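Structure first, then comments.
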Amino acid sequence: MAYWLFKSEPFKFSWDMLKATGEAGQEWDGVRNYAARNNMRAMKIGDKGFFYHSNEGLAVVGIAEVCALAHHDSTAEVPTWECVDIRAICDVPRPVTLDVVKNTPSLAEMALVKFSRLSVQPVTEAEYLEVCKMGGLEKPPLSP
DNA sequence: GCCAACGTTGGC
DNA sequence: GCCAACGTTGGC
């Protein structure tokens, strides 16, 4: 049981764009960072993750799930880079902003705050549940 | 294997 | 648009 956070600049690939891909989801390609790749390698089918808008928005706006295990990143010319596929599960009714995360003691240790440049991050179950609660999700979708 | 230089990310 | 943080590269 694991939870994650996927960061994206909305003007490059937004939450709405992920939703538009529907059930099939989207290859989370373009990641060229070993820590982020290793996080994706550790993901299992059905793992849930936050979709976070960086640069503009600065908030957790949705919940996605892993729908394909790590495989070769089709945009990479070398076999080094792998990625998972994710698909949208539901909106976060009240997006949880970075500012709020920073000012919530129970969330102050989140990777989002401590390792702000990591594009694919682990999230603890406690953090996941707390962010869902603050975001107005009555029944957060859980990882298997 | 160290470390300086450099490039990129991302918040402000 | 600036700048701090940090990952990567490359010379030694």
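Residue numbering restarts at 1 for every chain, and letters A, B, ... go by the order of the sequence lines. This structure is a prediction, so every number in the text was calculated from the model and none was measured.
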(message) Distance under 4.0 Å to a non-hydrogen atom of chain A counts as contact; along DNA chain B, which nucleotides mark the start and end?
(response) B/dG7 to B/dC12
Can you give me every donor-acceptor pair (side chain of residues 84-92 of chain A, partner residue at least two apart or in another chain, under 3.5 Å) with its distance?
| unit_1 | atom_1 | unit_2 | atom_2 | d |
| --- | --- | --- | --- | --- |
| A/Asp85 | OD1 | A/His71 | NE2 | 2.8 |
| A/Arg87 | NE | A/Glu65 | OE2 | 3.1 |
| A/Arg87 | NH1 | A/Glu23 | O | 3.3 |
| A/Arg87 | NH2 | A/Glu65 | OE2 | 2.8 |
| A/Asp91 | OD1 | A/Trp15 | NE1 | 2.7 |
| A/Asp91 | OD1 | A/Lys19 | NZ | 2.8 |
| A/Asp91 | OD2 | A/Lys19 | NZ | 3.4 |

(request) Write out all pairs satisfying ring pair (Phe, Tyr, Trp, His ring centres under 6.0 Å) with one or both partners inside residues 114-144 of chain A, taking only residues at least two apart or from two chains. (result) A/Tyr3-A/Tyr128, A/Phe50-A/Tyr128
(request) With heavy atoms under 4.0 Å as the rule, sort A/Tyr34 into base, sugar-phosphate or nothing. (result) sugar-phosphate
Under 3.5 Å, which donor-acceptor pairs do the side chains of residues 130-144 of chain A form with other protein atoms, sequence neighbours left out?
| unit_1 | atom_1 | unit_2 | atom_2 | d |
| --- | --- | --- | --- | --- |
| A/Ser143 | OG | A/Ala2 | O | 2.6 |
| A/Ser143 | OG | A/Lys48 | N | 2.9 |

(message) Strictly by ring pair (Phe, Tyr, Trp, His ring centres under 6.0 Å), give each pair with a member in residues 75-109 of chain A just once, sequence neighbours left out.
(response) A/Tyr34-A/Trp81
(request) Each residue besides A/Ile45 in its hydrophobic cluster should be listed here, by chain and number; the cluster joins Ile, Leu, Val, Met, Phe, Trp and Tyr at side-chain heavy-atom distances under 4.5 Å. (result) A/Leu69
